[in-house]
Protein chains: 2
Amino acid sequence: MVEPKDRIGNGGQAALVQLQAYLAQLDLPEDGRLPPERELCESLGVSRGDLRKALDVLEKDGHIWRHVGKGTFVGSGPIEETIGISEIARQTNPADVMRARLIIEPEIAREAALHATLADIAAMRQSLVQTREAATWRQYENIDNLLHRQIAQASRNNVLLGLFDVLNAVRRTVVWGRLRSEGARPPADHHSFADHERIVDAIADRDLAGASTAMRLHLQQVGRRLIPLHEAAE
Amino acid sequence: MVEPKDRIGNGGQAALVQLQAYLAQLDLPEDGRLPPERELCESLGVSRGDLRKALDVLEKDGHIWRHVGKGTFVGSGPIEETIGISEIARQTNPADVMRARLIIEPEIAREAALHATLADIAAMRQSLVQTREAATWRQYENIDNLLHRQIAQASRNNVLLGLFDVLNAVRRTVVWGRLRSEGARPPADHHSFADHERIVDAIADRDLAGASTAMRLHLQQVGRRLIPLHEAAE
DNA sequence: ATATCGAACCAATCAGGAAATTGGTTATGG
DNA sequence: CCATAACCAATTTCCTGATTGGTTCGATAT
């Protein structure tokens with residue numbers, strides 16, 4: 001008496017063996033998709049019913065997942081291929097974004113201090129000069145964005161860089177529409193100038209703790225300038 | 001004598017004023033898109049040429065951005081609405097993913113200790129029980145995933161939750177294909193059981209530093225088990 | 001001559017739908 | 001019991017037409 005959970009006929013059992021052998025010798029096409037059932041059952045020389053029984057076993061064990069219209073894939077389940085930025089942005093607020101920045105960016109700066117190349121540092125220094133030369137707030141913000149991203153890039157960790165890009169996109173969406181006073185340009189004694197230089201200097205000096213601290217202090221300054229705008233609106 | 005940079009006729013100058021007034025009174029349709037030029041120039045009563053000159057000025061100042069076939073939008077530039085998980089995964093490796101986890105998840109656990117509701121903690125406790133009951137590694141991993149996500153959810157910061165989801169999707173893509181020995185189940189003395197309990201206990205005790213440290217130690221344990229698999233393959 | 005406006009045209013993008021593909025199900029026949 | 005075929009619904013693919021910012025041309029006015 002076979003256990004009731006995998007009541008599978010002899011044909012299905014044989015197909016399962018063939019299928020497992022096939023999967024072992026197969027080089028997967030990058031997305032883990034395998035041929036449609038109608039092709040697969042023919043190339044394996046088994047009936048579609050038996051093939052499906054074998055696939056049922058593999059699916060229940062979590063080795064593959066299937067979806068009608070899409071196909072059959074190896075893996076534990078359908079992973080979200082894309083994340084919607086606006087979807088995240090819609091469910092949050094500037095304070096949470098700032099909190100997330102305070103958590104992530106100092107650590108990114110620390111990694112940058114450890115892994116930055118000389119070319120990375122040179123690029124940051126150039127951005128530092130450009131921020132001071134910015135003629136409008138808009139230009140300044142663009143270069144400021146670039147500088148922060150250069151730091152993330154210098155971490156030489158593409159996962160951190162990707163997370164930074166997501167966070168940045170969310171931030172830009174959340175604060176969308178907030179325009180600074182037009183025509184004006186950042187004052188020469190804007191705190192960010194000195195903040196940025198401290199961060200880059202620490203990275204260039206390979207001062208891990210200093211880079212992290214400088215970034216944290218910088219973001220806290222930015223946060224302090226951000227909150228009053230909200231309180232004033234109430 | 002007008003400055004040479006904005007050589008714009010009188011008609012264009014007038015159109016610019018009208019356009020700015022129009023933008024000021026407009027409630028933007030959620031995505032910042034404004035009517036096509038052919039409609040806008042007619043509703044403003046200016047020629048399309050003048051309208052385009054005015055739009056050129058706004059675009060150079062960074063107030064709007066345009067793309068043929070898409071339209072004209074307010075904002076500093078086209079923000080990436082979606083980010084591709086597999087794109088990040090293709091440019092990275094398990095070590096970078098682990099490093100990113102070590103940076104982010106302890107801080108998420110700290111936030112969770114600060115913001116978790118009693119319902120959050122109860123859900124975690126239930127997951128703790130289920131991890132011990134898991135009959136296969138696959139089931140265990142699913143519940144383990146759920147527990148870590150519950151912690152991220154308990155941070156009550158949807159940005160952190162979104163970043164966690166991105167990181168998790170990348171991780172699942174990067175380690176794709178690595179299968180544990182089948183049939184086996186996690187041993188009763190698996191380190192993660194105690195690790196998880198320490199994390200949840202610290203969160204329940206509102207012990208911020210404890211939650212962060214427990215999560216960091218847990219991930220370092222996981223990392224130590226991960227690396228040997230790579231060295232053994234060489 | 002010069003400038004400006006309207007119209008037409010261009011290439012990139014989007015919108016909609018028909019046709020093909022695919023996992024899931026049912027019927028038929030041996 | 002099972003292999004085969006036909007059918008179903010979800011999804012993708014492909015194509016055509018419309019839309020849109022960018023450009024050019026000719027008429028007209030100043």
Side-chain angles (χ1 to χ4, degrees), chain A residues 2 4 6-16 18-19 22-23 29-60 62-75 77-82, chain B residues 2 4 6-16 18-19 22-23 29-60 62-75 77-82 84 86:
Chain A
V2 196
D6 52 355
R7 201 170 345 163
I8 179 174
N10 293 343
Q13 199 63 262
L16 177 57
Q18 288 201 32
L19 181 57
Y22 173 82
L23 289 180
E30 168 67 22
D31 59 347
R33 179 175 187 173
L34 49 90
E37 293 180 357
R38 289 162 179 82
E39 293 181 16
L40 194 51
C41 69
E42 189 164 6
S43 78
L44 288 183
V46 300
S47 76
R48 193 170 163 219
D50 284 344
L51 172 64
R52 286 185 54 76
K53 282 175 190 144
L55 289 173
D56 287 342
V57 174
L58 291 184
E59 183 180 34
K60 192 177 343 186
H63 293 102
I64 64 170
W65 64 273
R66 309 183 270 185
H67 196 301
V68 53
K70 293 176 131 175
T72 304
F73 304 80
V74 304
I79 58 179
E80 304 251 351
E81 188 55 36
T82 60
Chain B
V2 194
D6 51 354
R7 201 169 343 165
I8 178 175
N10 291 344
Q13 198 63 261
L16 178 57
Q18 287 202 33
L19 181 57
Y22 173 81
L23 289 181
E30 169 65 21
D31 58 348
R33 179 175 188 172
L34 49 91
E37 294 180 355
R38 290 161 179 82
E39 292 180 17
L40 194 52
C41 68
E42 190 164 5
S43 77
L44 289 182
V46 299
S47 73
R48 193 169 166 222
D50 283 345
L51 173 65
R52 286 185 55 75
K53 283 178 191 137
L55 289 173
D56 286 342
V57 175
L58 291 184
E59 183 180 36
K60 193 181 332 188
H63 293 101
I64 63 170
W65 63 275
R66 307 184 272 186
H67 197 301
V68 51
K70 293 177 134 178
T72 305
F73 304 80
V74 304
I79 56 180
E80 303 259 347
E81 188 56 35
T82 61
S86 61

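What you see below is based on every heavy atom in this structure, not just the backbone, and it leaves out hydrogens, waters and symmetry mates. Note that the coordinates shown come from a computational prediction; the quantities given were computed from them, not determined experimentally. Just so it is clear: chains get the letters A, B, ... in the order the sequence lines come, proteins before strands, and each one is counted from 1.
Atom CH2 in B:Trp65 sits roughly 11 Å away from atom P in D:dG21 (whole-Å rounding). The CD-P distance, from B:Glu37 to C:dA7, rounds to 16 Å in whole Å. Regarding B:His67, its NE2 atom lies at a distance of 20 Å from the P atom of C:dC10, rounded to whole Å. Straight-line distance from the NZ atom of A:Lys53 to the P atom of C:dG23: 18 Å, rounded to whole Å. Going from atom CD1 of B:Ile64 over to atom P of D:dG21 covers 10 Å, rounded to whole Å. With rounding to whole Å, B:Arg52 atom CZ is found 15 Å from C:dT4 atom C1'. When rounded to the nearest whole Å, the span between CG of A:Leu51 and C1' of C:dT22 equals 13 Å. At whole-Å resolution of the value, CZ in B:Arg66 and C1' in D:dT23 are 13 Å apart.
When side chains are defined from C-beta on, B:Arg66 counts as touching B:Asp56, because their heavy atoms get closer than 4.5 Å.
Within 4.0 Å (heavy atoms only), B:Gly49 reaches no atom of the nucleic acid at all.
Candidate nucleotides C:dG23, D:dG21, D:dT11 were compared by shortest atom distance to the side chain of A:Lys70, and D:dT11 ranks first. Closest to the side chain of A:Arg48, out of D:dT23, C:dG24, C:dA12, is C:dG24.
In terms of position along DNA chain D, the nucleotide closest to A:Arg38 lies nearer the 5' end than the nucleotide closest to the other residue of the pair A:Arg33 and A:Arg38.
With rounding to the nearest 0.5 Å, the separation of CH2 in A:Trp65 from NZ in A:Lys70 is 5.0 Å.
In terms of heavy atoms, A:Arg38 sits closest to A:Cys41 at O-SG, 3.4 Å.
Atom CD of B:Glu42 sits in a sparse spot, with 12 or fewer heavy atoms from other residues, nucleotides or ligands closer than 6.0 Å.
Listed pair B:Thr72 / D:dG21 meets the phosphate criterion, a side-chain N or O lying under 4.0 Å from OP1 or OP2.
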